[in-house]
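Scope of the values below: all heavy atoms of this structure, side chains included, with no hydrogens, waters or symmetry mates. The chains referred to below are lettered A, B, ... by the order of the sequence lines, with proteins before strands, and numbering in each begins at 1.
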There are 2 protein chains.
Amino acid sequence: MDLKEAKQQFIQSWGVLGSQWGINRTMAQVHALLLVASQPLSTDEIMEQLSISRGNANMNIRELMSWELVQKVIVPGDRKEYFCAEKDIWKVSMRIMYERKKRELDPMVKVLSTINHLEGDKKDPEIKAFTETVENIRKFAGQADKMMDTMIKAEENWFWGSFLKLFK
Amino acid sequence: MDLKEAKQQFIQSWGVLGSQWGINRTMAQVHALLLVASQPLSTDEIMEQLSISRGNANMNIRELMSWELVQKVIVPGDRKEYFCAEKDIWKVSMRIMYERKKRELDPMVKVLSTINHLEGDKKDPEIKAFTETVENIRKFAGQADKMMDTMIKAEENWFWGSFLKLFK
DNA sequence: TTATATTTTCAATAAGTTTTGAAAATTCAG
DNA sequence: CTGAATTTTCAAAACTTATTGAAAATATAA
């Protein structure tokens, strides 16, 4: 396998993984392309390498920037914009975790909190069972939340290493 | 808010969360419905409560069973099948983690391993950079994998509690 | 300022995914 | 067995999401 093939394979797989996890396949592919690019790429280069339209490329690049996974690079004397990706996989993971937590988990936790103030006889086994189930999920989510926060704040990669020693 | 509303709210939110994470919205809703049901439900009850067709209900129930999140319950003297969900949220999370790891992460790790045997001058900075990026991702994934395995094997809920003390 | 390169937007369309519903298969009580 | 109840399957339809491409907006060099 040569470099070009290997890159393509990587981009392809990253795209599949992304789409299985609810991330636009093209967005994941653009991300992958930039992850393995040895220099920043222009919109045109991205369009060409992935065979996608300008609109599509533009949209997904901007989305990746809003996730802070990709940065704009200005080359003096060149009118085009170039883009490059954060390559430290720890930082990448923490960014993704942070965004997903903020955009998706937090709203769910909010709903769970609302839900357990409900009227009716607190002794009613139906109500008791429901409240308990929801409250358990809420607590669990709260703990996961706290754990994520700590991991996200632990900017340094070394943390990951020593943390993982706990798991043999 | 009364119990019925609260349940509906919960089912709705669980469905949204699922779809954002690449899980069929209806599957997540059936799961939610069974999570907060005080007794096992039949296919007809699920169809009615979620306003979905028999085919749809059947398909998603079976999918949930393949994830081992839902179990069939046989009521003697009743020809209908009933279904109930695992309610221990720790177990639920571990099941989901396990399935997703197996179905989605493992194939990616396999691709990553294939990819870093590539021909060409190992000194070439292009090749070196690519190999390094991929290798870092592979290592990271390997560690996450190991961590998940440990968590999954730690059947008991107490583990979560002591584990979380690490995060203040 | 002006002309041109570049980026952004968005309505139309394409592609992908989910749902339906009715027919086929299966199950089981009598 | 038989036949009614139940579950399963799957092609077609409905719905959702992603992509295109050309026009509008913006930026910049001269």
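Classification of the A/Trp21-B/Trp21 ring pair by plane angle, with boundaries at 30° and 60°, yields perpendicular. Between B/His31 and B/Trp14, the ring planes are tilted. Angles from 30° to 60° get that label.
Here B/Arg54 lies in heavy-atom contact (under 4.0 Å) with a base. Residue contacts for B/Ser51: at a heavy-atom cut-off of 4.0 Å it reaches the sugar-phosphate backbone alone, with no base atom in range.
For the OP1/OP2 pair of C/dT8 and a distance below 4.0 Å, the side-chain nitrogens and oxygens of A/Asn58 include at least one atom meeting the criterion. Between A/Asn56 and D/dT20 there is a side-chain polar atom (N or O) within less than 4.0 angstrom of OP1 or OP2. For C/dT6, neither phosphate oxygen OP1 nor OP2 lies less than 4.0 angstrom from any side-chain nitrogen or oxygen of A/Thr43.
Whole-Å rounding puts the B/Asn60 CG to C/dT20 P distance at 10 Å. Computed from coordinates, the B/Asn24 CG to C/dT17 C1' distance equals 9 Å when rounded to whole Å. As rounded to whole Å, 14 Å separates atom C1' of D/dT19 from atom CD1 of A/Ile61. Between A/Ile52 atom CD1 and D/dT17 atom C1' there is a gap of 16 Å when expressed in whole angstrom units. A/Asp44 places its CG atom 13 Å from the P atom of C/dA5, with the value rounded to the nearest Å. Rounded to whole Å, atom P of C/dT7 lies 9 Å from atom OH of A/Tyr82. When rounded to the nearest whole Å, the span between CE of B/Met59 and P of D/dC10 equals 11 Å. One atom, CD1 of B/Ile46, and another, P of C/dT20, lie 14 Å apart when rounded to the nearest Å.
A/Phe83 is not listed as a side-chain neighbour of A/Gln71, based on a closest heavy-atom distance of 4.5 Å or more.
Checked for salt-bridge contact, A/Glu63 and A/Arg103 meet the test: a charged N lies under 4.0 Å from a carboxylate O.
If you check distances only, the side chain of A/Arg79 does reach the base of D/dT28 with a donor-acceptor pair under 3.5 Å. Between the base of C/dT18 and the side chain of B/Arg25 there is no donor-acceptor pair shorter than 3.5 Å.
The local environment of CD in A/Glu132 is sparse, with at most 12 non-hydrogen atoms from other residues, nucleotides or ligands closer than 6.0 Å.
Mapped onto DNA chain D by nearest heavy atom, B/Gly55 and A/Ser53 fall at different nucleotides, with B/Gly55 at the one closer to the 5' end.
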